[in-house]
Structure formats: C-alpha cells, structure tokens
Amino acid sequence: MKRMEKYLALGLVGMMAMSLTACGGGSGSSEPAAAPDSAPAETEAPAETPAGEADAGEEAPAASGESYDITWVTCSTESEFWQYQQIGMENAVADMEAEHGISINFTTVGPATEAETEAYIRAFENAIASKPDAIISATQVPDSTRSISKDAMDQGIIVNFTNCGLETLDSTEFADCYNQYYTTVSADIGDMAGEIMLQLLDEAGIAKEGVIAMEFSNVNPSLQPRMDNFKAYIEANSDIEVLDTLYNNNDLAQAQADIENEIATYGDKLIGIYGANNTSGDGIALAVENAGIADKVITIGVDSDPTEIQALEDGFIDCIIVQDAYGQGYAALKNAVETLVQGKNPETEQKIAMPPVAVTTTNMHEDEYAAMLDPTLLKK
C-alpha cells in the first residue's frame, strides 16, 4: 500500500480559470471547508433581486411561525454525491427552523441516475407546477434548464443552484434565471489533480516517463476543465503523455472496462490514472486491484463514495480530491430560506466558489477530512 506523508491539504495551485464547477473557475486556496453554516466569500456577478423582495433599507419581514415549501430537484437519487448534498440541505432545514422559528416542508424529486436528463427536466417542471416557495437544484444540462428556471423565478419561486449551475462564473448572461449559486471550480480540480499526480510520482519513485490515462462520466462543457487543466498541467511540467479522456456515462462496469483496456494496452508505460468523478474513481480502483498494479501507478479520483473511500484506505486510490458537497448543499438551502425570510438575497455575490480539498491515506481519518469524504458523519 502506498503512503503519502506530506499532502494533508494541498493549496490550490495556479489561477482559478472562469468555468463551472463540477462547473467553475476563479481563484482561491484549498483551505479545509468552512463550517457548514457559513458560505465562503468568492466570485463574481452581483446577486439578482428576486421579484417582490424588500427594497434596500426596508425592514425584513418577520419569519416566526411562517411555513415554507422547498423542493430539491436532484440530478440523481442514487448517487452518493447528490445524497451528500442533500444531507447538507436537511441539516440546514433543522438549523433554519430553530433559528427563525419557522417550519419547512422539504421534499426531494429527480431521476435515479444523472444520465436521465429528460427525466430531470420533467422533475424540475413538475416541481415548478407544485408552486413551492423555493427550489434547489443542480443541472447537467444547463441549456435545457435555463428557461424553466427563469420561469420559476418569474413566478416568484426562489431558485438556487448547487455544484452545477446555469452559467460559468465569469458570465452574467443568465443572472435573471436564478437567485444564488454555490460551486467548486472545475479548473481548480484539474490543476490540483495535476500537481498532486506529479508530486506522488516523485514520492513513489516512479520515473515521469510514459502515459497517464483519464476517465470521466460524460462530455459536459461545464466540467471539461477538470480534464483540460489536468492535461495542461501535466504536459507543461513533465514529458508525460496524457491520453484522451474515456467517457463512461456514469456506468461503473464501463469505467472499469475502460481502465482495464488501458492497462492491457499500455502495460508498464502506464504510470498514472485520473478519474474526474466518483464513478470513474470506482472503476479505476477496481481495475487497479484486479490487475495487481497498485504500486506501479499513481491513481487520483474526484468526489467520494463508499467504494472510493475503501479504495483509499486499501491503497488502490492514492488521493481523492473532494468538493464540499455537504457545504454546498447546506449553503444553498440556508440562502434560500434567508432570501425568503429577509425578502432579498443576503449574499453580496451571486456565485460563490468553494475550494476543493485533497484527501489522502495519511489524512483521511482526521475528523475534518473524514467528514469531507463521508458527510453522512455530519447527519443530524
């Protein structure tokens, strides 16, 4: 099993490019995530004012005794990542009820898998039809989501996005389509993965000669900087060839088969593997374990689930770069409630970037990193 002694929490490297997070881009540092009920300060476009909000200087309406309906339109009810987001929201519901003396009817709708994008759109449309006070969502198909999200906002429904939103961080074109957006910058994930890959190759004594494979869920322009920035970082700082990304459509069997094919094709030339979401990381871990090459390659995953966490423990994954899924979900729900209670968006920036964190076999059992890997530990 490989051990890395010096990467407890790597600082974000390079400039934050302006993209989305699972969709994003700006600049920042990878300090461990802030407490779940606080939102990091970073990004760009000023928050839009929802219809009917109080003017500046007006006293916010009293909240005590009010009841609000809030719907979480998830990309996938089966994915651990989106379940981690939901835990943050559920904890925020409890905290906001206690803080403001209100009651919140929180419901979840959405398809089983991320690949069911048409079902996601239908779920969003049905959520609007039920006329909740607020909708929290994340979208893999921003082009198809913008018009329906604007329709919700035009009806006075507060719409917040978490992780995957409607536009890049440097854009304000669709600012009237949503209230608030919390994300992690995809470019920073790619940069961090590239830096760690080269450092871990040095730590393992593996010559920086050969090829690195890349695996991802699907082609998504919002997430593409995860791949592009990783490749650019490796190629700018070494002579290693980075192979074209293989896409698995979030199918674990396909992800494992892809990596097994790369192992068979490149043999000893394969010195690293990078999987930019949790399903890809799972496939990498299973393929590396089956091939018995854990000591010959450096493996990096993004986002976590039980399979990846066990693989990190066992040394079949060397590092997992995690977004603060819990924190994003918590902040999105908290902001929606505060927007409703105060009659205006309390954030000064409409898009907030929350930095990724590197978790390794060395730091994974420390409380803050353990909770980043597995937010179920935070569930109230």
Side-chain angles (χ1 to χ4, degrees), residues 1-4 22 75-84 112-115 189-190 193 196-197 200-201 204 206 210-220 223 226-227 230 242-323 325 358-362 364-365 369-370 372-376:
M1 185 186 303
K2 293 167 275 187
R3 290 288 185 269
M4 296 136 292
C75 292
S76 166
T77 57
E78 293 181 351
S79 166
E80 282 87 356
F81 181 81
W82 301 115
Q83 291 170 15
Y84 295 163
T113 67
E114 291 181 8
I189 292 173
I196 294 173
M197 176 65 74
L200 296 186
L201 286 168
I206 299 173
V211 301
I212 292 174
M214 294 197 298
E215 182 78 12
F216 197 30
S217 55
N218 53 13
V219 178
N220 185 332
L223 312 183
R226 291 188 184 186
M227 319 310 296
F230 174 83
V242 180
L243 303 173
D244 291 340
T245 304
L246 299 178
Y247 295 98
N248 55 57
N249 203 31
N250 267 321
D251 182 280
L252 176 57
Q254 184 61 54
Q256 181 177 349
D258 285 346
I259 300 307
E260 288 174 342
N261 287 338
E262 299 283 56
I263 292 170
T265 300
Y266 293 96
D268 291 340
K269 289 183 63 179
L270 184 66
I271 61 173
I273 312 172
Y274 169 53
N277 75 323
N278 59 305
T279 300
S280 300
D282 293 344
I284 290 169
L286 294 172
V288 167
E289 180 179 9
N290 287 346
I293 60 169
D295 294 327
K296 297 179 180 179
V297 296
I298 297 300
T299 50
I300 296 176
V302 175
D303 297 332
S304 62
D305 61 26
T307 299
E308 268 195 314
I309 294 169
Q310 188 61 52
L312 186 67
E313 179 82 60
D314 295 339
F316 301 117
I317 290 283
D318 293 305
C319 175
I320 301 175
I321 297 172
V322 292
Q323 305 177 75
V359 183
T360 70
T361 53
T362 301
M364 66 180 293
H365 295 298
Y369 297 105
M372 291 288 286
L373 278 178
D374 182 9
T376 62

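Residue numbers count from 1 along this sequence. Values reported hereafter were calculated over all heavy atoms of this structure, with side chains retained and with hydrogens, waters and symmetry mates removed.
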### Message
Side chains of Asp258 and Glu262, heavy atoms from C-beta outward: is any pair under 4.5 Å?
### Response
no
### Evaluation steps, side-chain hydrogen bond (donor to acceptor under 3.5 Å, both in side chains), between Glu215 and Asn248
CA-CA 8 Å; Glu215 182 78 12; Asn248 55 57; 2.9 Å; yes
### Query
Is there a side chain to side chain contact (heavy atoms under 4.5 Å, CB included) between Val242 and Met214 once you walk through the steps?
CA-CA 8 Å; Val242 180; Met214 294 197 298; 3.8 Å; yes
### Task
Find the distance between CG (Leu200) and CD1 (Ile271) and round it off to the nearest 0.5 Å.
12.0 Å
### Summary
What one should report as the nearest heavy-atom pair of Ala285 and Ile317 is CB-CG1, 3.9 Å
### Query
Mind checking whether Leu252 and Leu286 have side chains closer than 4.5 Å, heavy atoms only?
yes
### Query
Closest approach of Ile263 and Ala287, non-hydrogen atoms and distance?
CD1-O, 3.9 Å
### Message
Main chain of Ala257, side chain of Asn261: is a donor-acceptor contact present, judged purely on distance under 3.5 Å?
### Response
yes
### Message
Would you say that Asp314 contacts Glu289 through its side chain, given a criterion of any heavy-atom pair below 4.5 Å between the two side chains?
### Response
no
#### Entry: Separation between OG of Ser280 and CG of Asp251, rounded to the nearest 0.5 Å
10.5 Å
### Task
Over all heavy atoms of both residues, which pair between Glu308 and Gly281 is shortest? Give the atoms and the distance, please.
OE2-CA, 3.3 Å
### Query
Between CD1 of Ile321 and CE of Met372, what distance do you get to the nearest 0.5 Å?
11.5 Å
### Message
Test side chain to side chain contact (heavy atoms under 4.5 Å, CB included) on Asp305 and Phe81; report intermediate values, then the result.
### Response
CA-CA 7 Å; Asp305 61 26; Phe81 181 81; over 6 Å; no
### Message
Please give me the minimum heavy-atom distance between Leu312 and Cys319, naming the atom from each residue.
### Response
CD1-N, 3.9 Å
#### Entry: Euclidean distance, Cys75 SG relative to Trp82 CH2, rounded to 0.5 Å
4.5 Å
### Task
Report yes if the side chains of Thr279 and Ser217 come closer than 4.5 Å at any heavy-atom pair, otherwise no.
no
### Query
Could you state the interatomic distance from NZ (Lys296) to CG (Asp268), rounded to the nearest 0.5 Å?
5.5 Å
### Task
Mind checking the CG-CZ spacing from Asn249 to Phe216? Nearest 0.5 Å is all I need.
11.5 Å
### Query
Are side-chain heavy atoms of Tyr84 and Thr376 found at a separation under 4.5 Å?
yes
### Summary
Residues Gly275 and Ile284: closest non-hydrogen pair is N-CD1, 3.3 Å
### Summary
In terms of heavy-atom contacts, Ala204 and Ile298 come closest through CB-CD1, 4.0 Å
### Task
Mind running side chain to side chain contact (heavy atoms under 4.5 Å, CB included) on Ile212 and Phe230 for me, showing each step along the way?
CA-CA 10 Å; Ile212 292 174; Phe230 174 83; 3.9 Å; yes
### Task
Could you please spell out the steps behind the side chain to side chain contact (heavy atoms under 4.5 Å, CB included) verdict for Ile320 and Met364?
CA-CA 10 Å; Ile320 301 175; Met364 66 180 293; over 6 Å; no
### Task
Check for a donor-acceptor pair, side chain of Asp318 on one end and backbone N or O of Thr299 on the other, with a separation under 3.5 Å.
yes
### Query
Are the side chains of Val302 and Tyr274 in touch, meaning some heavy atoms are under 4.5 Å apart?
yes
